Each structure stands twice: as C-alpha cells, then as structure tokens.
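Have a look at the structure below, then the notes.
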There are 2 protein chains.
Amino acid sequence: MDMPDTTDFDLERFLPYLLNQAAEATSRSFHATYKASYGMTRTQWRVLANLGKFGSMTARDICTISHIEKTKVSRAVSALEAEGLLTRSPSPQDRRAEILALTDQGRVIFADLGQRAIAYDQALRAQIGPEIAAQLDDLLRRIIAEGELGPPED
Amino acid sequence: MDMPDTTDFDLERFLPYLLNQAAEATSRSFHATYKASYGMTRTQWRVLANLGKFGSMTARDICTISHIEKTKVSRAVSALEAEGLLTRSPSPQDRRAEILALTDQGRVIFADLGQRAIAYDQALRAQIGPEIAAQLDDLLRRIIAEGELGPPED
DNA sequence: CATTAATAGTTGCACTCGCAACTAAGTCAA
DNA sequence: TTGACTTAGTTGCGAGTGCAACTATTAATG
C-alpha cells in the first residue's frame, strides 16, 4: 500500500510541459519569419491574421475569437496602425468601439505571411503524417475547449 | 489551375497556434498553483523540478536537458537560492561551473508541487481519455524531437 | 608555452506581458 | 433624468524574457 513516490514526478511526462515544448518548438521558426520580414510580434501577427481572415471587426471581437487579452490586442493594434497595416474608424453603433480593417499593405503582408504559414504548417504535418496530424488537431481543440478544469481544489 | 487562395489561411487550423493555445490552457491553472503557494516563476518551477528529479547538476546540465535558455536558468537559480531552496557549490572539476542541489526545504516544496502536478496531469488525461493521452504524448515528443525543421527556406 | 578559441555563467537593455486602475460611452431602471 | 452598473479600449507599472556583451576559466593548437 505504497503512496506514489512523490520524487517520481517527471517533467517530461507532464502534459502541460510537453505541450509547451511542442508549442515553442513549432512557433520559434515561424516567429522568426514574421519578425525578420516585418518586425512583428506574435500578438501582432495573430491580430493581423484574424483581420485577414474575418475582415473588419472591433478589438473586442478579436479578443473573443482568439482569446487574446484586451491589453495585448490594444497594443498590437496601435503598433499595426503605426506601421500602416490597419486603420481604425469609429463604430457608428457604439462610439466606444472602433472598427478595425486592414489596409492594402496589411492585406499584402497577410497574404505573404499566410502563404508562408500554410507552407510551414504543411511541412510540419507532413513530418508527423497527415492523418495523425488531423487527430492531433482534434485532441488539441478538445484540450483548449475543456479549457481550465479549475485548479486542483485540494 | 488555381493557386491556393491565400486569404484562406486560418489561424485556427495552424498547428503552432493550436499547440500554443493548448499549452496556455493547460499551463495556466497549474501556474497559478505554484505562483500562489510559493511565488514561483514557471522557469523556477522547471529548474526545481529538474533538480528534484535528477539530483545535483550544473546550470548547464539543466539547460541541456530542458532546453531552457541559460540566462533564464541563471536568474531562476539566483531566485531559488535567495529563497533558500537550493545551494550552489563550486565544481571541483571546473571552476567555472557550480553544482546545484536542492536544500531540504527545496525538496519539501518539490514533493508538494510534484504531487499536485501529478494529480493535475492525471485529471487532464482523464478528461481526454488515458489511451488517447498516451498517443498525444508520443506525438508531442515527436514534434519536439523533430525540433526546428529549419525555416521554410523559401 | 603562448595564443586563440570555446565554455559556464552573469548582467544590461530594450521589449513584451499581465494586472489593476482609469476614461469614455452605453445600459438599465426608478 | 439621474444614478448605479457594465463595457470598449488605453495606460502605468512591476516583472519576466531574449539577445548581445562581458568575465573567468578551460581546452586546443601551433
């Protein structure tokens, strides 16, 4: 009737750790791409990608869709605007909100990075096998959806 | 003979993005645990966990094993030492290196957090199903191992 | 040996992040 | 319409991070 030996804990078998390592490994080289080409932050890239995908929307919409904190979005929007990649225009329905839209230049860059992202993603999936990659997608989405299973409540 | 429409790029199908979201979702609540209980950083927790698992080793060993940047390790070690959770002693073989070892207090905390980590990990795996979780482990390890498949080389 | 290169670890700096506090605008109800 | 409450977005601040430069020591090479 042994208790599990607590010194048995092994980071290498800890799912959050593995997910982090995998995320960092796969993010790093693509991050280098958009950073080198356009001096972009990961958050900026994500905001750009959302606007590219969905068209005009407010900062709040981006927060809701992508689960990025509003302060990160706010700063990313400022930076992208300063670079001339997006414009803000006041929302007619709500004067607190601003409608964000990519400029032509923003769309060009989104097209470029989008293409490279697709290529990178395909290379990744090819390495682990396309069917398995599809399974992986499902698993990750489930984990994301389960979201926080509240703290261990000990 | 269409080129793939570049506006088709969808963050939600981008593996690095999914991995990141999943990693953040699973890390967040456990991060809250060690932060609240011991005011620890993720890097500090990882250094502690490595020392707990492998016993005495140098900072460089930790870097090699866990792929954490040496500056992060350096600062984490300083912080853990300041908290009295580890000691440094000069290496007899190499006067540049220091041998790191957990103090009794460090081991107690490692035991505590290790236990909680195991519980958290098991809860996570239970949610997605244990067999599937095992598959996920394999996949993640493969992705980590493939490591950087060099930048797209376009 | 003497020099040059490599390595262990630290530090300075510029930047990103997370959180709380804040402004401005909209909502709801008495 | 006034007052309490919520929401969109911004800003200040403390803290963590990445990168490059640096010290001290060890290894390698002529």
Side-chain angles (χ1 to χ4, degrees), chain A residues 20-21 23-25 27-32 34-36 38-47 50-51 56-83 86-100 148, chain B residues 20-21 23-25 27-29 31-32 34-36 38-48 50-51 56-83 86-100 148:
Chain A
N20 251 298
Q21 296 277 102
E24 276 177 34
S27 286
R28 197 176 311 285
S29 90
F30 193 64
H31 175 261
Y34 52 74
K35 180 170 184 184
Y38 304 109
M40 251 184 244
T41 283
R42 188 158 70 191
T43 306
Q44 284 165 241
W45 151 242
R46 287 183 182 176
V47 167
N50 275 289
L51 285 172
S56 302
M57 58 200 311
T58 73
R60 185 186 163 285
D61 294 333
I62 295 178
C63 291
T64 306
I65 290 175
S66 60
H67 306 110
I68 309 176
E69 298 247 333
K70 62 179 182 175
T71 62
K72 278 208 283 189
V73 171
S74 173
R75 289 190 248 245
V77 165
S78 297
L80 291 171
E81 184 192 31
E83 295 293 323
L86 65 76
T87 57
R88 326 190 202 205
S89 45
S91 162
Q93 293 92 28
D94 186 339
R95 276 183 299 170
R96 292 170 304 179
E98 295 177 312
I99 295 177
L100 309 172
E148 338 256 302
Chain B
N20 252 297
Q21 297 276 102
E24 276 177 34
S27 287
R28 198 176 311 285
S29 90
H31 174 262
Y34 52 74
K35 181 169 184 186
Y38 304 109
M40 250 185 247
T41 285
R42 188 159 68 191
T43 306
Q44 285 166 240
W45 151 241
R46 286 184 182 176
V47 167
L48 183 88
N50 275 289
L51 285 172
S56 301
M57 57 199 312
T58 73
R60 186 186 163 284
D61 294 332
I62 295 178
C63 291
T64 307
I65 291 176
S66 61
H67 307 110
I68 309 177
E69 298 247 335
K70 63 178 181 174
T71 62
K72 277 207 285 188
V73 171
S74 173
R75 289 191 247 245
V77 165
S78 297
L80 291 171
E81 185 192 30
E83 295 292 324
L86 65 76
T87 58
R88 327 189 201 205
S89 46
S91 162
Q93 293 93 29
D94 185 341
R95 276 183 300 172
R96 292 169 303 180
E98 294 176 312
I99 295 178
L100 309 172
E148 337 258 300

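These numbers come from a predicted model, not from an experiment. Naming: A, B, ... by sequence-line order, numbering from 1 per chain.
Applying the side-chain hydrogen bond (donor to acceptor under 3.5 Å, both in side chains) criterion to B/S91, with sequence neighbours excluded, gives B/Q93. By the side chain to side chain contact (heavy atoms under 4.5 Å, CB included) test, A/D61 is found to be paired with A/M57, A/T58, residues two or more places apart in sequence or in another chain being considered. Residues passing the ring-ring contact (aromatic ring centres under 6.0 Å, His included) test with B/Y34 are B/F30, B/H31, B/W45, sequence neighbours excluded.
Regarding B/R42, its CZ atom lies at a distance of 13 Å from the P atom of C/dC17, rounded to whole Å. The NE2-C1' distance, from B/H31 to D/dA15, rounds to 11 Å in whole Å. Distance A/R95 CZ to C/dT27 P: 11 Å, rounded to the nearest Å. Summarising the geometry, the separation between CD on A/Q93 and P on C/dG26 is reported as 11 Å, rounded to the nearest angstrom. Between A/L100 atom CG and D/dG9 atom P there is a gap of 7 Å when expressed in whole angstrom units. B/E98 has its CD atom 14 Å from the P atom of D/dA24, to the nearest Å. Rounded to an integer number of Å, the gap from A/K35 NZ to D/dT17 C1' is 10 Å. If you take CZ of B/R46 and P of D/dG16, they are 15 Å apart, rounded to a whole angstrom.
Between B/S56 and B/I99, the shortest heavy-atom distance links the atoms CB-CG2, 3.8 Å. When all heavy atoms of A/L100 and A/A59 are compared, the closest pair comes out as CD1-N, 3.7 Å.
Within the nucleic acid shown, A/T43 comes within 4.0 Å of sugar-phosphate atoms alone, with no base atom in reach, counting heavy atoms only. Residue-level contact check: A/T58 touches the backbone only, with heavy atoms under 4.0 Å from sugar-phosphate atoms and none from bases.
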Acceptor/donor pairs from residues 64-81 of chain B side chains to any protein atom, 3.5 angstrom cut, sequence neighbours excluded:
unit_1 : atom_1 : unit_2 : atom_2 : d
B/T64  : OG1    : B/R60  : O      : 3.0
B/S66  : OG     : B/I62  : O      : 2.6
B/S78  : OG     : B/S74  : O      : 3.1
B/S78  : OG     : B/R88  : NH2    : 3.2
B/E81  : OE1    : B/R88  : NE     : 3.0
B/E81  : OE1    : B/R88  : NH2    : 3.1

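Atom-to-atom distance recorded for A/E24:CD and B/N20:CG is 8.0 Å, nearest 0.5 angstrom. Annotation: the span from B/L51 atom CG to B/T87 atom OG1 amounts to 9.5 Å, rounded to 0.5 Å.
Scanning residues 68-80 of chain B for heavy-atom distances under 4.0 Å to DNA chain C yields B/K70, B/T71, B/S74, B/R75.
Toward the 5' end of DNA chain C, the nearer of the two residues A/P92 and B/D94, judged by each one's closest nucleotide, is B/D94.
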Provide a list of protein-nucleic acid N or O atom pairs under 3.5 angstrom, restricted to nucleotides 1-7 of chain D.
unit_1 : atom_1 : unit_2 : atom_2 : d
D/dT7  : O2     : A/R96  : NH1    : 2.4

